[in-house]
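Worksheet: one structure, shown below.
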Amino acid sequence: MAYAVISDVHSNLHALEAVLKDISDHRIDELYFVGDAVGYGPQPNLCIDLLKKDCAILIAGNHDWAVLEYISTEYFNIHAVEAVMYNRQVMAEQHMQDLEKFNLLKSSEKRNALFVHATPRDPENWDYLFSVKDAEINFEHFEQRLCFIGHSHTPVIIEQQQTGEILIHRAKTEINETSRYIVNDGSVGQPRDGDPRASYVIVEDTSIEIVRVQYDVSKTQKEMEAAKLPFRLIERLAYGY
Ligand code: ZN
């Protein structure tokens, strides 16, 4: 049965609702979340409610940990810090407790998959996995056939063939029985690959597909204006960067 993976919602309720609607239109068995429920956007509480209700696995991202004050924001840019502080301010105690229960990493035996926000090699260091070299190193740090990550907000399917050769897929690929995969599902709430549509991944028995979903960006932007969140964070949603 097919399953879906989402991440980097970043308190963008309207993007999350559009993605959940799209997922419900597909024949999806289970949904997994690989981190960054909050930060950047205006609606942390309602996003956490939906994720808690719908996701079989809940992974924590660096923005989740920053809101919980598990890590400092010294490596965040000033706009991200402002948004972290706003999210912390408006979050209900119950939602803080919910977020505390999100895992750093988790595996699923039935999916033969590992779920983690940044990298399987060093999840708490919040590294970005961008290059083929990064991918090759990280393939050595998990045993499962598949590893799902988020963090970079850039969707990509990285295939490692039995020979060691790395292939990059940007949209959809058939699953090769002898290959292993690192899959970045992109971002629901703040895509950065030049496409403003929300991004997520569907895995079927024989294929992995990156799916893009249109949502009402202006609705989220209006809420961000009302919350006095930084203009730079508001405008970037329209461009997907
Ligand atoms: Zn993120």
Side-chain angles (χ1 to χ4, degrees), residues 4-16 18-19 31-44 46-48 50-51 55 57-88 91 95 99 102-106 115-120 122-130 134 138 147-156 182-201 210 212-213 215 217 220 224 229-230 232-237 239-241:
V5 184
I6 64 173
S7 76
D8 300 275
V9 170
H10 288 298
S11 303
N12 186 340
L13 180 66
H14 305 294
L16 178 59
V19 164
L31 175 60
Y32 305 105
F33 174 69
V34 287
D36 276 0
V38 300
Y40 292 129
Q43 295 267 31
L46 294 173
C47 287
I48 290 173
L50 287 177
L51 292 171
C55 299
I57 284 176
L58 292 164
I59 299 295
N62 52 325
H63 287 254
D64 302 323
W65 274 26
V67 166
L68 291 168
E69 296 183 78
Y70 289 1
I71 53 171
S72 92
T73 50
E74 62 181 320
Y75 296 109
F76 284 43
N77 69 53
I78 47 164
H79 306 305
V81 174
E82 227 178 286
V84 161
M85 277 156 51
Y86 176 82
N87 274 252
R88 197 184 287 150
M91 270 175 71
H95 294 105
L99 205 55
F102 286 26
N103 296 100
L104 185 61
L105 73 172
K106 211 167 168 90
F115 299 88
V116 61
H117 183 64
T119 66
D122 191 0
E124 282 188 67
N125 212 34
W126 313 109
D127 298 324
Y128 288 94
L129 197 161
F130 278 130
D134 294 339
N138 273 281
C147 175
F148 293 93
I149 61 171
H151 197 40
S152 71
H153 297 205
T154 306
V156 63
I182 295 175
V183 180
N184 191 317
D185 59 79
S187 169
V188 170
Q190 194 204 74
R192 290 179 196 158
D193 62 340
D195 182 345
R197 293 176 301 166
S199 175
Y200 75 98
V201 155
I210 292 162
R212 303 307 288 253
V213 183
Y215 74 98
V217 173
T220 298
M224 291 174 81
L229 283 160
R232 157 105 177 97
L233 298 182
I234 298 171
E235 67 159 355
R236 71 187 299 176
L237 294 184
Y239 304 106
Y241 75 93

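Note that ligands are numbered from 1 as they come in the structure, with each ligand's atoms numbered from 1 the same way. Residues take their numbers from the sequence shown, with the count starting at 1.
- Rounding to the nearest 0.5 Å gives a distance of 12.0 Å between CG of Leu46 and CG of Asn12.
- Here the side chain of Asp64 pairs a donor or acceptor atom with the backbone of Gly61 at under 3.5 angstrom.
- The closest donor-acceptor contact from the side chain of Trp65 to the backbone of His63 lies at 3.5 Å or more, if one exists at all.
- With hydrogens and angles disregarded, no donor-acceptor distance shorter than 3.5 Å links the side chain of Thr154 to the backbone of Gly186.
- The SG atom of Cys47 sits 9.0 Å away from the NE2 atom of His14 when rounded to the nearest 0.5 Å.
- For the Zn ion (ligand 1), protein N, O or S atoms closer than 2.8 Å were enumerated as Asp8 OD1, His10 NE2, Asp36 OD2, His153 NE2, with waters left out.
- Scanning for salt bridge (Lys or Arg N to Asp or Glu O under 4.0 Å) contacts around Arg232 gives an empty result, with sequence neighbours left out.
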